[in-house]
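All figures in this text were calculated on a predicted structure; none of them were measured in a lab. Reminder, nothing fancy here: chain letters follow the sequence lines and each chain counts from 1.
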Amino acid sequence: MLDLRLIREQPQRVKSALVALNTDAPIDEILALDTRRRALLTEVEALKAERNEGSKLVNRTKDAAARQPLIDNLRGLGDQIAHLDQQAKAADTRLAELLLTVPNLPAPEVPVGPDESHNVVVAEEGTKPSFAFAPKPHWELAEALGIIEFERATKVSGARFYALVGDGARLQRALIAWMLDLHRERHGYTEIAPPYLVTEQSLFGTGQLPKFRDTQFQTTAGDHWLIPTAEVPLTNLYRDEILDAAQLPIYHTAYTACFRREQFSGGRDVRGIKRSYQFDKVEMVKFVHPDESATEFRRLIEEASDILRLLGLPFRLLQICTGDLSFTAANKVDLEVWAAGAEEWLEVSSCATFLDFQARRANIRFRPADVGRPQFVHTLNGSGLALPRTVIALLEHYQLEDGTIAVPEVLRAYLGGQETIGVQPPLGPPRPPSA
RNA sequence: GGAGAGGUGGCCGAGCGGCUUAAGGCAGCUGUCUUGAAAACAGCCGAGGCGACGAGUCUCCGUGGGUUCAAAUCCCACCCUCUCCGCCA
């Protein structure tokens, strides 16, 4: 949420930002409502002051006969106040609704561009592997090894689901444990195991609602929603709180499953595990002092990059342009890993700084050391990393000629020292004993 | 899900129609004292809106309605927490 004061005082700046974002928001309606609301408030508050004075006078007037006309007079005032209050509240409610639909403004350093074709590759690390054989895409490798089960998972849950099997499941679990340990030990994060079901209010807090209702899963019993990312429960952990300046920065990392209903991706990436309604992810979230958020943003990108460096996977950083910026982000850099089999770059992390946009929605503040008013914190988050695509890149990068997979050094301890992933025993009911 | 108790400022906790400008305490800040600190003492110390982040004024005691000239206080609904019971991984 933007500061209403900013919209009021610099409407042109906001409008031109919307042009750069290639989107629209009802700025003029907001300005009109704001003017109307303030006029109503001035009026009704004067009446309330009058009523408060009158009520005090009633209380001081002990004589019943003198008292009654005062009360009669105030009763009329009360009706006027109720009427104006109602109007002011209606304006206020509508204004708050509209304000929630205005996206964050892009940071000045974000390149202007209409869509994702104008994103900029700003760095590339690592070397793409060269194979002495024809490398395979992960779905072929996985099928041959028996580490991913597609058909049975579809039977269980429908399209866009899969199940990891045997060493496939263990590999993902190893990655999760290793990533969490890395963030905790090397990057100073506190690990959280948050709820996967959240209230609607939490989704408003981080900005998924009201705009992206269609891409969320909502429960039919009760009013819970499945989280699309751990960002939601982690950020809302401090909703409506005033933190001490000394508590900042706060770093949290969490592993969760994530649930996303991508309405318009039907038919895209149907093979493999690149896209599904449920996937696992390790997330990093930061709550920082506004003065530190630029530094923390760079650090966040480094922390996500560390994962890929240590796994030995080639990757690149993509600076997102204005037209491709998400609703809540002021700046965003994606990490893309090289999938050596399918030969494509896969987004495995999205690192974003929201400045005070989310904090304002979720009302997360801190008390500055120099005894001022509470201020909004800055929030940042990034994937560290999304599991399915990391698994894809790993399988394709470390595939050997015989179709088995070499386990990267850093993960071996998490797999009981195992150095390769080979063919798994077949799934299915036990064979009947041969007669 | 059932029964009971309760939700008050950063924290604890009183108040149960107008004397509340929400007592008192803790934490915090400032000052006195001290080489410094601690202790003691004195003062300050919730959030938000409107307004020029002035004067002033309004709102906020879980949330939303209602009664009243006037609501933290009375009424209704809901949410949450705790205790016990039921169910359950």
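With a 6.0 Å cutoff to the six-membered ring centre and a 45° limit on the axis angle, A:Lys211 does not count as a cation-pi contact of A:Phe327.
For the residue pair A:Glu109/A:Gln319, the side-chain donor-acceptor check at 3.5 Å is not satisfied. One side chain, A:His378 or A:Ser293, offers a donor N or O that lies under 3.5 Å from an acceptor on the other. When only modelled atom types and interatomic distance are considered, A:Thr253 and A:Arg184 share no side-chain donor-acceptor pair under 3.5 Å.
Within 4.0 Å (heavy atoms only), A:Arg8 reaches sugar-phosphate atoms of the nucleic acid but no base atom. Using a 4.0 Å heavy-atom criterion, one finds that A:Arg51 contacts the sugar-phosphate atoms exclusively.
The C1' atoms of B:rC61 and B:rG15 are separated by 11 Å, rounded to the nearest whole Å. Spacing of P atoms, B:rG46 relative to B:rG51, comes out at 23 Å, to the nearest Å. Taking the C1' atoms as reference points, B:rA47 lies 16 Å from B:rG62, given to the whole Å. With both ends at atom C1', the span from B:rA70 to B:rC19 equals 14 Å, rounded to whole Å. One C1' atom belongs to B:rA14, the other to B:rG65, and the distance between them is 28 Å to the nearest Å. B:rG13 and B:rG1 are spaced 33 Å apart, taking the C1' atom of each and rounding to whole Å. The separation of B:rA23 from B:rG18, taken at their P atoms, amounts to 16 Å, rounded to a whole angstrom. A distance of about 14 Å separates the C1' atoms of B:rG31 and B:rC45, rounded to the whole Å.
Of the candidates B:rU59, B:rC69, B:rC53, B:rU59 carries the atom nearest the A:Lys48 side chain, counting heavy atoms from C-beta on. Out of B:rG18, B:rG49, B:rC69, the shortest distance to the side chain of A:Arg75 is found at B:rC69. Each of B:rC58, B:rG51, B:rA47 was ranked by its minimum atom distance to the side chain of A:Pro374; first place goes to B:rA47. Set against B:rG51, B:rG10, B:rC69, the side chain of A:Ile242 has B:rG10 as its closest nucleotide. Taking only side-chain atoms of A:Arg365, from C-beta outward, the nucleotide of B:rG51, B:rA47, B:rC69 with the closest atom is B:rA47.
Taking atom CG on A:Asp244 and atom C1' on B:rG9, their separation rounds to 15 Å, with Å as the unit. For A:Ile364 and B:rG10, the CD1 to P distance is 16 Å, given to the nearest whole Å. Regarding A:Asn59, its CG atom lies at a distance of 19 Å from the P atom of B:rU68, rounded to whole Å. Atom CZ in A:Arg37 sits about 12 Å away from atom C1' in B:rC58, given to the nearest Å. Going from atom CG of A:Leu84 over to atom P of B:rU59 covers 14 Å, rounded to whole Å. One interatomic measurement links the two molecules: CG of A:Leu70 to P of B:rA70, which rounds to 14 Å at whole-angstrom precision. Atom pair A:Glu200:CD and B:rU63:P shows a separation of 19 Å (rounding to whole Å applied). If you measure from atom CG of A:Leu41 to atom C1' of B:rG48, you get 12 Å, rounded to the nearest angstrom.
Closest-nucleotide positions on RNA chain B for A:Lys56 and A:Arg5 were compared, and the one nearer the 5' end corresponds to A:Lys56. For the pair A:Glu53 and A:Glu9, both in contact range of RNA chain B, the more 5′-proximal nearest nucleotide belongs to A:Glu9.
Base pairing of B:rU81 is made with B:rA5, judged by Watson-Crick or G-U wobble geometry with both donor-acceptor distances under 3.5 Å. When both distances must be under 3.5 Å, the Watson-Crick or G-U wobble mate of B:rG48 is B:rC58. Remark: B:rC74 base-pairs with B:rG66. Criterion, Watson-Crick or G-U wobble with two distances under 3.5 Å. Look at B:rG86: it lacks any Watson-Crick or wobble partner with both distances under 3.5 angstrom. The partner of B:rG24 is B:rC12, judged by Watson-Crick or G-U wobble contacts that both fall below 3.5 Å. Using the Watson-Crick or G-U wobble rule with both distances under 3.5 Å, B:rG43 pairs with B:rC29.
OP1 or OP2 of B:rA47 sits under 4.0 Å from a side-chain N or O of A:Arg367. Side-chain nitrogen and oxygen atoms of A:Asn52 include none within less than 4.0 Å of the OP1 or OP2 phosphate oxygen of B:rG18.
Among the candidates A:His289, A:Glu296, A:Arg299, the single residue satisfying the side-chain contact (heavy atoms from CB on, under 4.5 Å) test with A:Pro249 is A:Glu296.
By the 6.0 Å contact criterion, CD on A:Gln86 is open, its count of non-hydrogen atoms from other residues, nucleotides or ligands being 12 or less.
Judged by distance alone with a 3.5 Å cut-off, a donor-acceptor contact links the side chain of A:Glu45 to the base of B:rG49.
Under the 6.0 Å cut-off for aromatic ring centres, A:Tyr277 and A:Phe217 qualify, their centroids lying closer than that.
Relative ring orientation between A:Tyr162 and A:Phe150 is described as tilted, the plane-to-plane angle lying within the 30° to 60° band.
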